[in-house]
Amino acid sequence: MSTGTAMPSIARRMMSTHIRQFDWSTTPVGPIENWPIALKVTVDIITASPVPMLVLWGPEGTMIYNDGYASFVGSRHPSLLGQPVLVGWPETADFNQRVIENVLAGESLSFRDKHFTLRLHETPQDVWTNLDYSPILGDDGVPSGVLAIVADTTPWVYAERAQRESESRFRTLADNIAAFAWMADQEGGIFWYNKRWFDYTGLPFEEAREWGWPLRQHPDHVERVMEKINRCLTTGEVWEDTFPLKGRDGVYRWFLSRAMPIRDDKGTVIRWFGTNTDITEHLEEAEKNAQLATIVATSADGIISMSRDGIIQSWNPGAEAMFGYAADEVIGQSERLLFPDDAQSEFDEKYIHLRAGQHVMRDTIRKRKDGSMLDVAINVAPMRRPDGHIFGFSAVFRDVTERRRAEKHLRTVMRELSHRTKNLLAVIVAMVRQTARTSSDVEVLQSQLIQRLQSLSASHDLLVAEDWTGASLEELIRAVLQPFIGNTSDALECDGPMVFVNATAAQNLGLALHELATNAAKYGALSTSSGKVRMDWHFEPDAEGVMRLILNWSETGGPRVIPATVKGFGHVVIEKVVGQALNAHVAYEFPPEGVRWSIAIPPEFMAANWRRSSAPVQASVDL
C-alpha cells in the first residue's frame with residue numbers, strides 16, 4: 001500500500017461520519033490521528049465501498065466498518081464499532097478467533113454460505129454469508145489487521161432451499177397422490193408418469209409412452225376413448241372421460257380421467273397435464289346409495305335425518321304420509337315440531353344420548369300436522385364421518401298404532417282369561433258342592449259331576465265353533481248357562497225369535513252372559529233351587545229408526561238383591577266392555593226382587609251368512 005504524506009488528510013475527509021465521530025480514545029487503536037498509515041488507507045477504501053466490509057485491527061480484532069456493514073448488523077450498530085470482535089460477536093467468538101489467528105499469520109480465507117445464528121436484532125436468527133478474509137500489512141510489513149468482505153447470502157440460501165423443497169414436494173406429491181399423473185407434449189406424446197401409474201399398470205415407461213392407455217383399456221372402450229382424446233388434442237379443449245383400466249393383477253377398475261392444456265403467453269398449447277382418478281368405490285357407493293334411496297323413497301316407515309342440533313335435513317314420502325307434513329314444510333325446522341307440547345324433557349334427553357354416540361330405540365308418541373297423536377316406534381342412530389365425528393342423526397319411525405291396540409286387547413284378554421279362570425274354578429267348586437248336596441251315592445255324584453263338566457266344556461266349544469263365523473243366540477245362551485243350571489233344570493226360560501249373531505257379538509255376549517250367570521250362581525237366582533232366569537229378545541227401532549236387537553236378562557226367586565259397593569272386573573265386563581265392543585246401549589240394574597240387564601245391539605252384529613256345522617258340538621275335555 002502507498003504511504004504518501006497526503007493520505008491521512010484524504011482518509012479523514014472520506015471516512016464515513018460514524019467512524020470520524022466515534023470516540024476512538026477508548027479503543028486499542030487510539031485516536032485516528034495516531035492510526036498507522038495502512039489502517040487509515042484501508043478504512044478509506046472500505047468507507048468508499050457499498051459492499052459490507054470491516055477491519056479487524058490488532059490481535060484483539062478491533063472492529064472498524066463501513067455503512068454497508070452497519071446496515072448488515074442492524075440494531076447492534078453502533079455499539080459494535082471499536083469493540084474487539086470476540087466481545088462484539090460472542091456467538092461466533094470461536095470462529096473469529098481462528099480467523100484472526102490464521103490471517104495475522106499471513107493466510108487468506110474464504111467461506112461460502114457460511115451459517116451463523118446471530119442476534120442482529122432482538123431475537124436470534126439464521127444468517128448465511130460469503131466471507132473473504134485477507135491480511136492488512138502494518139508499517140513494518142507484518143500483518144497487523146484483517147480485511148473482511150461480507151456478502152449476505154441468506155435470501156439466496158432460502159430461495160434455493162425453497163426451490164429444492166418445492167421440487168421435492170412436487171415429486172413427493174406426484175408420486176403419492178391417489179390419482180395417476182402424467183405430462184404430454186403438445187402432440188400428446190407422454191414424457192412423464194408418476195409412480196402410481198407404474199405401480200398400478202406394471203408397464204415400463206417405454207411401453208407406456210405416447211398414450212399407453214390402449215394397452216390397459218377394456219376393449220369395449222378403446223375406440224371411443226381414443227377418438228375423444230385425439231379430438232381434444234386437435235382442438236385444445238379440456239379432455240375428460242370415464243373408462244376402465246386394467247391393473248397388473250388383470251382386474252379392471254374405473255377411472256375418471258382429465259387432461260388440461262398448458263399454454264404459453266400466445267395461447268399456444270405447449271404441453272398437457274393429466275390425471276386418472278380411481279372412482280370404482282365411488283361408483284359402487286353410488287349404486288348402494290341409489291338402492292338405499294329407493295328403499296327410503298318407497299318405505300312405508302318415516303325416515304328422516306337431523307343435524308346435531310335436531311334440525312330436520314331430509315324427509316321421505318313415508319314420513320310425509322305418516323305425519324301429514326310435506327318435505328318443504330319441515331326441512332330446516334326442529335324435530336321438536338313432532339313432539340307433543342309437554343315433551344320438552346323427552347326431546348332434551350333424547351339428544352343428550354344421541355350426541356354421546358348412543359343408539360335410541362323406544363316406543364313413544366309423536367304429533368301429526370293436524371295435532372292428533374300417533375303411537376310410533378323410533379330407531380335413531382348417530383351418523384359419523386370416517387374420523388368418527390358425529391355430524392347428525394338418522395331416525396326411522398314406524399306406526400305401531402295397530403300393534404299397541406293389539407297389545408292392549410291382548411292385555412284385556414289376559415286379564416279376562418285370568419278372571420274367567422278364577423270364575424270357572426268357582427263355578428266348578430259350586431257345582432261340586434251343589435251336586436254333593438243332592439247326591440247320596442258316590443257313583444251318582446261322580447256321574448253328575450262328569451256331565452256338568454262336559455257341559456261346561458261344550459259351552460266353550462260353541463264359542464269357538466265354525467271359526468267364529470256366527471252362532472244361534474238361543475244356543476249361545478243355553479251353552480253358557482248350562483253348567484250353572486244343568487241339562488234338565490227349568491231355572492232358565494228363553495223367549496225370542498230365531499236370531500244368529502256374528503262372531504264378535506257371540507264372543508262379547510258370551511263374556512257378559514258368563515259373568516251374569518256366575519254372579520247369579522254366587523249371589524242371585526241361581527244360588528237357590530227356586531230361583532229362575534228369564535231371557536227374552538226382540539227387534540225394536542231406536543230413536544233414529546234403526547232396528548236393534550233388544551236382549552233382556554231378568555232374575556226372580558233368588559235372595560233379596562243388595563247392590564255391590566265395590567265394582568270388580570266382572571261388573572266392568574257386563575256394564576261397559578260389551579257395550580263398547582258392540583256399540584250398544586247397556587242397562588244394568590239391581591232391584592230387590594232380582595238383577596236386570598239389557599243390551600240393544602246394532603244390526604251390523606247380526607250374522608249375514610251363518611253356516612251350521614254338520615256335526616254336533618262335542619266336549620273338548622276328556623273326563
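Model, not experiment: these values are computed from the prediction.
Heavy-atom neighbours of E281 CD from other residues, nucleotides or ligands within 6.0 Å: above the threshold of 12. Residue Q358 places its CD atom among more than 12 non-hydrogen atoms of other residues, nucleotides or ligands, all under 6.0 Å distant.
Closest approach of A179 and T275 over heavy atoms only: CB-CB, 4.4 Å. Residues G58 and I100 approach most closely at O-CG2, 4.5 Å, considering heavy atoms. Contact between A300 and M322 at its shortest, heavy atoms only, is O-CE, 4.0 Å. Nearest approach of S305 to M383, heavy atoms of both residues: CB-CE, 4.0 Å. For the residue pair Q186 and I270, the shortest heavy atom distance occurs at OE1-O, 3.3 Å. Contact detail for E240 and L256: the closest heavy-atom pair is CG-CD1, 4.0 Å.
No side-chain donor from either of E320 and N316 sits under 3.5 Å from a side-chain acceptor of the other. In this structure, a donor-acceptor pair under 3.5 Å is absent between the side chains of D152 and T129. One side chain, H359 or N379, offers a donor N or O that lies under 3.5 Å from an acceptor on the other. Judged by distance alone, the side chains of T47 and N66 never bring a donor and an acceptor atom under 3.5 Å apart. E349 and H353 are linked by a side-chain donor-acceptor pair at a separation below 3.5 angstrom, with hydrogens and angles left out of the test.
In this structure, the side chains of L39 and I37 stay at 4.5 Å or more apart for every pair of heavy atoms. Here the side chains of M306 and V380 are in contact, with some heavy-atom distance below 4.5 Å. Taking 4.5 Å as the limit, every side-chain heavy atom of D370 sits out of range of all side-chain heavy atoms of F323. Taking the side chain as every heavy atom from C-beta outward, L118 and E91 approach each other to under 4.5 Å.
Take E284 and apply the side-chain contact (heavy atoms from CB on, under 4.5 Å) test, not counting sequence neighbours, and it matches T280. With sequence neighbours left out, Y252 forms a ring-ring contact (aromatic ring centres under 6.0 Å, His included) with H218.
For the pair R366 and F339, the distance from NZ or CZ to the six-membered ring centre is under 6.0 Å and the angle to the ring normal is within 45 degrees. A cation-pi contact, defined as under 6.0 Å to the ring centre and within 45° of the axis, is absent between R119 and W89.
A salt bridge does not link E237 with K228: every distance from a Lys NZ or Arg NE/NH1/NH2 to an Asp or Glu carboxylate oxygen is 4.0 Å or more. A salt bridge is defined here as a Lys NZ or Arg NE, NH1 or NH2 lying under 4.0 Å from an Asp or Glu carboxylate O, and R253 with D278 meets this definition.
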Given the rule in the side chain to side chain donor-acceptor pair (under 3.5 Å) test, do S257 and N276 qualify, once you have shown the distances and angles that lead to the verdict?
CA-CA 4 Å; S257 300; N276 307 86; 2.6 Å; yes
Would D309 and S307 satisfy side chain to side chain donor-acceptor pair (under 3.5 Å), going step by step from the backbone distance to the final call?
CA-CA 5 Å; D309 297 327; S307 69; 4.9 Å; no
Tell me which donor-acceptor pairs under 3.5 Å the side chains of residues 101-111 have, and how far apart each pair is, sequence neighbours excluded?
{"residue": "E101", "atom": "OE2", "partner": "Q97", "partner atom": "NE2", "Å": "2.8"}
{"residue": "N102", "atom": "ND2", "partner": "R98", "partner atom": "O", "Å": "3.2"}
{"residue": "S110", "atom": "OG", "partner": "D132", "partner atom": "OD1", "Å": "2.8"}

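Pairs engaging residues 127-159 under the ring pair (Phe, Tyr, Trp, His ring centres under 6.0 Å) rule: H115-W128, W128-Y158 [sequence neighbours left out]. Applying the salt bridge (Lys or Arg N to Asp or Glu O under 4.0 Å) test to residues at least two apart or on different chains, the pairs with a partner in residues 331-341 are E335-K350, D341-K367. Evaluation of the side chain to side chain donor-acceptor pair (under 3.5 Å) test over residues 322-332, restricted to residues two or more places apart or in two chains, returns E329-K369.
F255 has its ring centre less than 6.0 Å from the ring centre of Y200.
Of the candidates F22, Y69, Y65, Y65 is the only one forming a ring-ring contact (aromatic ring centres under 6.0 Å, His included) with H77. Applying side-chain contact (heavy atoms from CB on, under 4.5 Å) to W272 and the options I229, I190, V238, L233 leaves one that passes, L233.
Between F180 and W197, the ring-plane angle classifies as perpendicular under the 30° and 60° cut-offs.
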